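As structure tokens, the structure follows; a few thoughts come after it.
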Amino acid sequence: AEANVGVVGLAAMGGSLARNLAHHGNKVAVFNRSWGRTEKLMAEHGSEGEFYPAKTMEEFVASLSKPRTAIIMVKAGEPTDSMINQLADLMEPGDIIVDAGNAHFPDTIRREKAISARGLHFVGCGVSGGEEGALKGPSMMPGGTKESWETLKPILESIVAKAEGEPCVTYIGANGAGHFVKMVHNGIEYSDMQLIAESYDLMRRGLGMSPSEIGDVFEAWNHTELESYLVEITAEVLHETDKKTGKPLVDVIVDHAGMKGTGTWTVQTALDLAVPVTGIAEAVFARGLSSQGELREEALKQHFEAGRSGLESMPLEERQAFVNDIREALYASKIVAYAQGFNEITAAAKEYGWDIDLAAVARIWRGGCIIRAKFLNLISDAFESGEANVSLLFAPYFKDALETADRSWRRVVSRAVNFGIPVPVFSSSLAYFDGLRSDRLPAALIQGQRDFFGAHTYQRTDEPGVFHTLWAEPGREEIKES
Ligand code: 6PG
């Protein structure tokens with residue numbers, strides 16, 4: 001038994017993770033359901049480090065030193081369960097099974113319970129950064145027992161991305177906490193991407209700019225507070241020319257956005273927790289709408305009157321000012337989406353008994369992951385100092401940023417409405433902000449309606465207790481129910 005860590009599942013992500021481990025001095029056992037894939041990995045990359053290829057699961061487990069640590073990187077769902085069970089049957093108490101796939105956190109909670117009952121450790125570990133990240137340094141979000149973290153820490157710290165010298169991995173919390181945080185990361189990823197897409201759309205259809213001109217704008221924005229991986233790659237995508245037609249590539253790509261489910265989970269879970277994550281929800285729905293081909297075709301056939309831009313005659317200076325407004329609106333809406341995502345983590349931590357350090361979560365998202373961004377430094381500072389305890393929106397830096405963006409944000413949303421260009425995340429983020437800061441909300445009226453038709457009762461602003469109005473009685477008597 002020589003290997004200090006093993007990887008099960010050697011498709012793109014697993015293979016890259018195994019190589020990354022080997023590049024950093026780990027002795028890596030590798031196993032794949034079909035031997036062909038293991039052979040291929042060894043033929044192409046076997047010389048990059050110390051590997052222990054195994055033909056059977058028995059051989060794989062036998063090659064691991066104790067406590068055995070096996071990282072599973074296979075498809076979420078049944079394939080994961082099957083691998084976990086095979087491993088657990090061969091392992092001994094104290095050994096560690098890490099699921100590094102995109103599992104849904106309730107599955108992780110269930111698996112952790114079953115595996116820990118057998119004396120083994122089960123770690124649900126979120127991994128972000130795609131294939132390149134897995135190979136060169138991902139961001140990792142492990143959840144499980146503290147004890148297993150002691151063993152895993154040096155192994156994972158050796159392979160993750162570094163942000164300002166700090167490894168982008170931290171212990172997140174018990175059982176499903178790691179996969180939960182990865183899920184919210186993906187929800188935020190959806191809103192970030194949709195906000196960038198809305199900004200693009202406003203410049204494209206609203207201002208009539210070309211993809212490459214817009215690419216230049218994003219490139220410039222990447223040197224502002226918006227500096228991030230997603231803004232950077234957006235510029236690259238917009239500058240890409242299609243080899244076949246010579247057109248901008250973005251113009252030949254079918255405009256139906258795909259999704260594999262993590263954004264949807266984020267929203268479903270938020271609904272269960274009653275936490276508004278409106279930015280993420282609208283981003284998921286926007287992908288859904290884009291893919292409703294039949295509906296969209298029919299709507300086009302109906303020749304609805306288009307929105308009016310009135311921008312053809314806009315002087316250059318004003319156009320530039322509008323692009324600047326879009327940048328401000330993007331930043332403000334992004335802050336709202338992150339605030340909502342962190343609220344969801346806080347609510348879940350309470351519900352599931354996790355002790356999650358939000359500052360640490362923001363810190364490990366600074367490098368390696370898809371949403372890595374400069375402003376995560378400010379977010380981690382805001383949580384660290386306690387300024388963001390209630391919401392990120394109230395930490396002085398973010399409060400100022402929202403106030404600075406306020407006028408621009410409103411101009412962008414109102415102009416978009418006039419253009420007939422949908423900006424669901426810009427506008428829902430603004431509505432969330434306006435809702436929060438309202439002195440009185442029309443929810444009072446809703447309470448009145450509920451009491452009217454269903455005797456659901458209400459509370460009064462001037463007196464404690466629960467009240468019901470006898471709406472049908474002459475003179476409308478009010479009774480205090482408790
Ligand atoms: C990451 C990504 C990764 C995956 C997304 C894509 O953090 O590395 O989020 O997990 O690429 O799940 O999701 P969709 O297919 O749903 O867009």
Side-chain angles (χ1 to χ4, degrees), residues 9 11-17 20 71-77 79-80 98-105 107-108 124-143 156 159-161 163 168-170 172 176-197 228-234 237 253-270 277 279-291 334 337-338 341 344-345 361-373 376 425:
M13 289 291 286
S16 297
L17 204 67
N20 186 355
I71 303 177
I72 303 179
M73 192 58 120
V74 299
K75 276 210 185 81
T80 301
V98 182
D99 172 16
N102 258 338
H104 195 8
F105 76 95
D107 289 333
T108 306
C125 183
V127 180
S128 179
E131 204 182 320
E132 159 130 353
L135 181 64
K136 296 189 180 151
S139 172
M140 297 183 95
M141 295 147 251
L156 300 187
I159 59 164
V160 291
C168 293
V169 60
T170 190
I172 302 287
H179 276 138
F180 187 92
V181 165
K182 172 65 193 344
M183 176 190 79
V184 174
H185 164 284
N186 280 31
I188 293 174
E189 172 183 308
Y190 274 52
S191 61
D192 264 354
M193 292 168 74
Q194 175 65 21
L195 282 168
I196 290 173
S228 60
Y229 172 70
L230 283 169
V231 167
E232 180 192 326
I233 65 162
T234 298
V237 172
I253 297 178
V254 174
D255 60 347
H256 295 180
M259 48 183 164
K260 290 197 286 285
T262 48
T264 305
W265 294 343
T266 312
V267 179
Q268 284 169 336
T269 308
V277 291
I280 300 170
E282 288 294 350
V284 173
F285 285 134
R287 287 198 193 185
L289 186 149
S290 78
S291 297
K334 186 176 158 109
Y338 278 69
E344 182 170 349
I345 297 177
V361 169
R363 269 200 302 277
I364 62 161
W365 285 351
R366 290 176 307 166
C369 66
I370 304 297
I371 65 169
R372 60 186 182 262
L376 279 158
V425 181

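We count ligands from 1, going down the list as the structure has it; atoms in each ligand are counted the same way. Keep in mind it's a predicted model, so treat the numbers as computed, not measured.
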Would you give the length of the straight line joining atom [atom1] of [X] to atom [atom2] of [Y], rounded to the nearest 0.5 angstrom?
X      : Y      : atom1 : atom2 : result
Met140 : Thr170 : CE    : OG1   : 13.0 Å
Thr269 : Phe105 : OG1   : CZ    : 4.5 Å
Phe180 : Ile172 : CZ    : CD1   : 11.5 Å
Phe285 : Thr264 : CZ    : OG1   : 8.5 Å
Thr262 : Met183 : OG1   : CE    : 9.0 Å
Ser191 : Lys334 : OG    : NZ    : 8.5 Å

Please state which protein non-hydrogen atom is closest to [atom] and give its distance, to 0.1 Å?
atom                    : answer
atom 15 (O) of ligand 1 : Lys260 NZ, 3.0 Å
atom 7 (O) of ligand 1  : Ser128 OG, 2.4 Å
atom 3 (C) of ligand 1  : Lys182 NZ, 4.0 Å
atom 2 (C) of ligand 1  : Glu189 OE1, 3.5 Å
atom 17 (O) of ligand 1 : Arg287 NH1, 2.8 Å

Worksheet item: Any protein heavy atom sitting closer than 4.0 Å to atom 11 (O) of ligand 1?
Response: no

Discussion item. Does the protein come close to atom 5 (C) of ligand 1 - that is, does one of its heavy atoms sit below 4.0 Å from that atom?
Written reply: yes

Output the list of atoms in ligand 1 that are nearer than 4.0 Å to some heavy atom of [X], sorted by atom number.
X      : value
Tyr190 : 14 (P), 16 (O), 17 (O)
Gly129 : 1 (C), 7 (O), 8 (O)
His185 : 7 (O)
Ile370 : 1 (C), 2 (C), 7 (O), 8 (O)
Asn186 : 5 (C), 7 (O), 9 (O), 10 (O), 12 (O)

Worksheet item: Does even one non-hydrogen atom of Gly263 get within less than 4.0 Å of ligand 1?
Response: no

Discussion item. Please confirm whether Gly130 approaches ligand 1 to less than 4.0 Å, judged on its heavy atoms.
Written reply: yes

Discussion item. Can you see whether Ser290 engages His256 through a side-chain donor-acceptor pair at a distance of less than 3.5 angstrom?
Written reply: no

Item to complete: Check whether the side chains of Asn20 and Lys136 place a donor and an acceptor atom closer than 3.5 Å, and report yes or no.
Response: no

Worksheet item: Just heavy atoms, cut-off under 4.0 Å: does Met183 contact ligand 1 by side chain, backbone, both, or neither?
Response: neither

Discussion item. For Ser139 and Trp365: C-alpha separation, side-chain torsions, deciding distance, then whether side-chain contact (heavy atoms from CB on, under 4.5 Å) applies.
Written reply: CA-CA 7 Å; Ser139 172; Trp365 285 351; 4.1 Å; yes

Worksheet entry | Min N/O separation Val127 to ligand 1 under 3.5 Å | no

Item to complete: With the side chain counted from C-beta on, respond yes when Arg372 and Ser228 share a heavy-atom pair under 4.5 Å apart, and no when they do not.
Response: no

